[in-house]
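Here is the structure we will look at.
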Amino acid sequence: MEFFDFHHHKKNITYGIYNVDMEETLPEFPYSVGIHPKDIDINAIEKQVHWLNSSIGKNCFAIGECGLDGLVPVDIKIQEAVFLQQIHISNEVGKPLTIHCVRKFYEVISFRKKAKYAMVIHGFNKKQSIAEDLLKNNFYLSFGKPVLYNLSLQNTLKIVPLDKLFLETDNDDFNIQELYQKVSEIKGISLEKLNEQILENLETIQNG
């Protein structure tokens, strides 16, 4: 059985969504492409947006990582403007959004109503109350390696509906099958059922 990796940075994984870095050659398998908050160049935003638009090819699954980050030196108003531009691009091309968010969850929630397509918070590892607020606002949550050892996050995962869930390796070096195994135990379902559900979720967000 193969296990889909919703968000990763490794060219050797083709069954998943590869995150393309700025100015990188596009792969021949599913990828996401966006302007990460840390990569925003305030002197070249137009050029970066042009690069993004020109990178949306046939294998592009999602727009992102994009979003808001309270720890990067880019002014939050500029981050919000670039994030909004990417939401508009997502609306135009009919692609879901892969969201990077650090300490700005309620600001990201305020943008939800502007997006026509699914918004997936990647690498979610915050407290249950934030998960609940995101779910109430129709976000999907993608979980990574911390689920293997973080008991609080395991408890949060219990309240996430199966049809709002994705799993990913991100930058971590481990076999995603371990994560699927752990989540199937936490959710009390078979590995096959979990795998099937995540593929259904992918189809749902892909079809708007």
Side-chain angles (χ1 to χ4, degrees), residues 6-9 16-24 26 30-126 130-143 160 163-166 168 170 201-208:
F6 184 79
H7 179 87
H8 68 87
H9 297 258
I17 302 169
Y18 175 75
N19 186 80
V20 172
D21 286 327
M22 193 72 71
E23 306 297 344
E24 186 183 359
L26 301 175
Y31 64 86
S32 60
V33 64
I35 305 165
H36 192 291
K38 72 174 171 54
D39 293 328
I40 295 169
D41 180 345
I42 60 168
N43 299 310
I45 290 172
E46 262 187 61
K47 184 179 172 215
Q48 291 184 317
V49 171
H50 175 75
W51 165 79
L52 169 55
N53 274 309
S54 67
S55 299
I56 302 168
K58 65 180 172 64
N59 293 315
C60 178
F61 186 94
I63 306 301
E65 296 173 53
C66 58
L68 304 174
D69 190 322
L71 296 181
V72 300
V74 182
D75 180 270
I76 193 63
K77 291 295 174 199
I78 292 171
Q79 288 190 46
E80 288 179 347
V82 174
F83 184 30
L84 185 56
Q85 277 187 284
Q86 293 181 88
I87 291 171
H88 288 155
I89 290 168
S90 154
N91 290 345
E92 285 164 19
V93 299
K95 307 275 183 196
L97 289 141
T98 300
I99 309 295
H100 167 93
C101 184
V102 176
R103 299 188 182 179
K104 294 289 172 186
F105 283 97
Y106 294 101
E107 290 83 348
V108 164
I109 285 171
S110 74
F111 280 88
R112 181 66 189 97
K113 60 185 175 293
K114 299 179 189 297
K116 294 178 183 173
Y117 294 89
M119 290 178 118
V120 184
I121 302 284
H122 105 84
F124 185 81
N125 65 354
K126 300 303 172 194
I130 294 175
E132 287 168 349
D133 286 334
L134 288 163
L135 291 166
K136 272 182 214 157
N137 285 278
N138 204 26
F139 283 82
Y140 288 76
L141 302 181
S142 183
F143 292 80
V160 178
D163 64 358
K164 290 293 179 186
L165 177 67
F166 290 106
E168 62 178 69
D170 195 10
N201 297 349
L202 280 167
E203 203 172 311
T204 300
I205 68 169
Q206 195 171 26
N207 296 329

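Aromatic pair H9/Y18: centroids not less than 6.0 angstrom apart.
The salt bridge (charged side-chain N to carboxylate O under 4.0 Å, His left out) check on K136 picks up D133, with sequence neighbours excluded. With sequence neighbours excluded, the residues forming a salt bridge (charged side-chain N to carboxylate O under 4.0 Å, His left out) with K77 are E80, listed by chain and number.
The aromatic rings of F61 and F6 sit perpendicular, their planes meeting at an angle over 60°, well past the 30° parallel limit. Between F124 and F105, the two ring planes are perpendicular [angle over 60°; tilted spans 30° to 60°].
For D21 against W51, the heavy-atom pair with the smallest separation is O-CZ2, 3.6 Å.
Between T98 and N19 there is no side-chain heavy-atom pair separated by less than 4.5 Å. Looking only at side-chain heavy atoms (C-beta outward), H7 and I17 stay at 4.5 Å or farther from each other. I35 has its side chain out of reach of C66: every pair of non-hydrogen atoms, C-beta onward, lies at least 4.5 Å apart. Using a 4.5 Å cut-off on side-chain heavy atoms (C-beta onward), D163 and T204 make no contact.
Atom CD of E23 and atom CD of Q48 lie 8.0 Å apart (nearest 0.5 Å). In this structure, CG on L135 lies 12.0 Å from CD1 on I130, to the nearest 0.5 angstrom.
Within 6.0 Å of atom CD1 in I42, 12 or fewer heavy atoms from other residues, nucleotides or ligands are found, so the atom counts as exposed in its surroundings.
Remark: side-chain polar atoms of S90 are paired, donor with acceptor, to backbone N or O of K95 under 3.5 angstrom.
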